[in-house]
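Heads up: the structure comes next, in structure tokens.
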Amino acid sequence: MAEEKLPTRNENFSEWYNQLVLRAEMADYAPVRGCMVVRPYGWTLWENMQGELDRRLKETGHVNAAFPILIPLSFFEKEKEHVEGFAPELAVVTHGGGVKLEEPLAVRPTSETIIGFMYAKWIKSWRDLPVLINVWGSVLRWELRTKLFLRTAEFYWQEGHTAHATKDDALEEMYRILDIYADFAINEAAIPVIKGRKSETERFAGAQITTSIEGMMQDKRALQSATSHYFGQNFAKAFNIQYLDKNNTLQFCETTSWGLSTRMIGAIIMVHGDDQGLILPPRIAPIQAVIVPIYKNDAEKTKVMEIADRLFKELKLANIRVKMDDREEVTPGFKYNDWELRGVPLRIEIGPKDLEKGSVALARRDIPGREGKSFVPQTALASHITRLLTEIQSSMLARATTFRDANIHEPGNYDELKQIVQDGWAFAWWCESKDCEAKVKEDTKATIRNIPLDQPGGSGKCIVCGERADKKVYFAKAY
RNA sequence: CGGGGCGUGGCGCAGUCCGGCUAGCGCGCUUGCAUGGGGUGCAAGAGGUCGGAGGUUCAAAUCCUCUCGCCCCGACCA
């Protein structure tokens with residue numbers, strides 16, 4: 001029954017990641033090129049993430065709705081940059097009901113166009129604004145190269161689309177959402193992300209401003225984990241989203257859109273996992289604690305299971321997502337490895353020795369080996385575990401933050417920058433010229449991840465050309 | 001689309017260069033007994049027209065031609 005060992009992170013990060021996803025049964029490859037099957041374990045994680053993000057969105061006045069998956073191809077022509085950006089990635093339906101369609105239909109790669117079309121019908125007056133709609137669904141982009149969760153042809157996400165009366169309102173919305181995403185990433189996924197604005201080169205097709213949260217994976221590459229865009233009146237003009245203001249004057253709306261996808265699952269795996277498998281943040285883990293009962297014979301089994309069942313019920317009552325692993329056909333040792341691979345934050349072992357002492361053995365997933373083990377009394381177990389889960393959550397965030405900060409460096413000159421981005425992030429002054437940005441990309445393959453909102457202030461010299469620079473930015477290789 | 005690699009029981013592979021008899025191995029699966037606090041042990045068993053088509057040959061997983069599919073690296077990207 002000896003499962004083959006996982007490849008280690010250092011050996012081959014990419015292979016390590018793939019094996020983790022497949023072996024932990026998060027996802028699998030679909031028969032269609034570049035598509036992914038999200039398996040129940042992975043989907044439960046996503047549902048938990050959805051719950052936490054959806055709550056935040058609803059608390060800030062957003063409502064959910066659904067829009068069609070098929071969009072008339074002509075809709076994409078209406079916004080010049082948008083069509084240029086997405087044309088190469090569109091999948092197009094040409095036939096329906098056995099006959100050739102008069103107008104081909106695009107499978108949505110994102111829904112700005114069809115939502116813009118609908119908003120134009122719905123919005124008439126300043127009283128209708130703002131419109132704050134969110135959509136949970138999936139989209140399809142014909143990616144040339146795919147990787148489970150990080151970039152698949154079809155992926156699951158939420159996309160929010162809002163319309164506002166003024167520029168200030170729309171910008172405020174864009175930043176509000178960025179804050180929600182960052183809060184979600186930090187406090188639910190335990191990923192310390194950096195909020196910032198994208199450079200002109202990197203921004204979304206059709207957007208005037210694109211903001212993102214960027215996280216550092218354990219191979220030190222950056223992952224854009226969510227984006228929030230401000231469109232100005234671009235889409236409003238393309239789709240005639242207009243309203244009459246208080247002075248009875250016709251005005252174009254200001255719109256935004258923003259999205260967070262199952263890519264975040266990939267981020268969680270790449271930020272927290274170790275050579276034993278996944279490590280999932282307790283707040284969103286499908287299973288927060290697993291009970292492994294241990295016994296040698298039926299007499300012991302009866303006694304052990306009695307206690308195990310009682311504790312299981314207690315934990316359930318305390319709203320802990322607990323799982324009883326009462327499989328007969330595998331040994332405890334196998335179960336330990338199995339749940340470690342799946343990233344369950346806490347393991348509870350109950351055996352004959354514990355019966356005598358009235359204790360259980362706990363093992364923290366985030367601290368492998370003896371260090372993470374403790375023996376605690378069965379009494380008040382639920383409250384102890386609740387506390388421990390909170391502690392695991394915060395120590396995961398702390399560890400990821402320490403790792404990130406240890407791998408961000410400030411280059412003193414261009415040569416140093418080239419060195420740094422080979423194995424880390426560089427935080428440096430940039431003059432905001434496209435040429436300097438392009439030069440770095442050409443020389444190193446690193447790009448400007450974002451221009452952080454949190455700026456040191458003052459000014460410096462562009463790390464590339466030496467001219468005056470007002471912004472400091474992160475350069476890194478990205479997924 | 002360019003470069004590289006691979007298709008052999010459910011999964012992972014060996015065998016291919018140099019053709020040869022009933023195509024092997026590990027894992028998993030089935031059954032039984034033992035075992036059980038860190039990936040259990042032993043025994044027995046089921047399971048494959050070697051990606052597809054054509055050709056060469058007494059004989060093809062192996063050689064030749066064509067074809068289909070997948071993976072990795074690059075260009076594109078949440």
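This one's a predicted model, so the numbers in the text were calculated from it and none came from an experiment. First the proteins, then the strands, lettered A, B, ... as listed; each starts at 1.
Base engagement by A:G351 is indicated by at least one non-hydrogen atom pair under 4.0 Å involving a base atom. Within 4.0 Å of A:E202, counting heavy atoms only, lies no atom of the nucleic acid at all. Within 4.0 Å (heavy atoms only), A:S228 reaches no atom of the nucleic acid at all. As judged by a 4.0 angstrom heavy-atom cut-off over every strand, A:K335 is placed among residues making no nucleic acid contact. Using a 4.0 Å heavy-atom cutoff across all strands shown, A:L223 reaches no nucleic acid atom at all. Nucleic acid contact class of A:R370 (heavy atoms, under 4.0 Å, all strands): none. Residue A:F155 is in base contact, counting any heavy-atom pair closer than 4.0 Å across all strands shown.
Distance check on atom P: B:rG24 versus B:rG45 gives 15 Å, rounded to whole Å. Distance check on atom C1': B:rC70 versus B:rU65 gives 22 Å, rounded to whole Å. To the nearest whole angstrom, the two P atoms, one in B:rA23 and one in B:rA46, are 15 Å apart. Between the P atoms of B:rG69 and B:rG52, the separation comes to 15 Å (whole Å). A gap of 28 Å separates the C1' atoms of B:rA14 and B:rG55, to the nearest Å. B:rC68 and B:rC29 have their P atoms separated by 38 Å, with the value rounded to a whole Å. When the C1' atom is used for both B:rC50 and B:rC25, the distance is 15 Å, rounded to whole Å. Taking atom P on both B:rU62 and B:rU56, the two are 15 Å apart, rounded to the nearest angstrom.
Taking 4.0 angstrom as the limit, A:S261 places none of its side-chain polar atoms (N or O) nearer than this to OP1 or OP2 of B:rA78.
Considering only the side chain of A:T331, B:rU40 comes nearest among B:rG38, B:rU40, B:rG36. Minimum atom distance to the side chain of A:N337 is reached by B:rG38, of the listed B:rG37, B:rG38, B:rA78. Taking the side chain of A:F334 as heavy atoms from C-beta on, and the options B:rA78, B:rG37, B:rG39, the nearest nucleotide is B:rG39. The side chain of A:K445 sits closest to B:rG74 out of B:rU40, B:rA78, B:rG74. When each of B:rG36, B:rG39, B:rA78 is scored by its nearest atom to the side-chain atoms of A:Q224, the top-ranked nucleotide is B:rA78. For A:N18, counting side-chain heavy atoms from C-beta on, the closest listed nucleotide (B:rC72, B:rA75, B:rA78) is B:rC72.
Computed from coordinates, the A:Y29 OH to B:rC70 C1' distance equals 11 Å when rounded to whole Å. Atom pair A:E89:CD and B:rA75:P shows a separation of 15 Å (rounding to whole Å applied). For A:Y336 and B:rG37, the OH to P distance is 7 Å, given to the nearest whole Å. Rounding to whole angstrom units, CG of residue A:D298 and C1' of B:rA34 are separated by 14 Å. Note: CD (A:E143) to P (B:rG74) measures 15 Å, nearest angstrom. In this structure, A:I367 places its CD1 atom 20 Å from P of B:rG38, rounding to the nearest Å. Between A:D325 atom CG and B:rG36 atom C1' the separation is 13 Å, expressed in whole Å. The nearest whole Å value for the distance from the CZ atom in A:R327 to the P atom in B:rU35 is 21 Å.
Side-chain N/O atoms of A:D354 and base N/O atoms of B:rG37 include a donor-acceptor pair closer than 3.5 Å. Residue side chain A:E340 reaches the base of B:rG38 through a donor-acceptor N/O pair under 3.5 Å, judged by distance alone.
Using N1 to N3 plus N6-O4 or O6-N4 for Watson-Crick, or N1-O2 and O6-N3 for G-U wobble, each under 3.5 Å, B:rG2 pairs with B:rC73. Base pairing annotation: B:rG24 forms a Watson-Crick or G-U wobble pair with B:rC13, both donor-acceptor distances under 3.5 Å. Both distances falling under 3.5 Å, in either a Watson-Crick or a G-U wobble arrangement, occur for no nucleotide opposite B:rU56. Nucleotide B:rG45 forms a Watson-Crick or G-U wobble pair with B:rC29, both donor-acceptor distances falling under 3.5 Å. Searching all strands for a Watson-Crick or G-U wobble partner of B:rG36 with both distances below 3.5 Å returns nothing.
Heavy atoms from other residues, nucleotides or ligands lying under 6.0 Å from CH2 of A:W142 number 12 at most. Annotation: A:Q233, atom CD; neighbour count of heavy atoms from other residues, nucleotides and ligands within 6.0 Å is above 12.
Salt bridge absent: A:E356 and A:K303 never bring a charged side-chain N and a carboxylate O closer than 4.0 Å. A salt bridge is absent between A:E437 and A:K441; no separation between the charged side-chain nitrogens and carboxylate oxygens falls under 4.0 Å. Salt-bridge formation is not detected for the pair A:K439/A:E442: no Lys NZ or Arg NE/NH1/NH2 atom is positioned less than 4.0 Å from an Asp or Glu carboxylate oxygen.
Nearest heavy-atom pair across A:K477 and A:A446 is N-CB, 3.9 Å. The minimum heavy-atom distance between A:F375 and A:A361, with the atom names listed, is CE2-CB, 3.5 Å.
Taking the nucleotide of RNA chain B with the nearest heavy atom to each of A:P88 and A:N297, the more 5' of the two is matched to A:N297. Both A:A361 and A:T262 sit near RNA chain B, but only A:A361 has its closest nucleotide nearer the 5' end.
Rounding to the nearest 0.5 Å gives a distance of 8.0 Å between CG of A:L355 and CD of A:E300.
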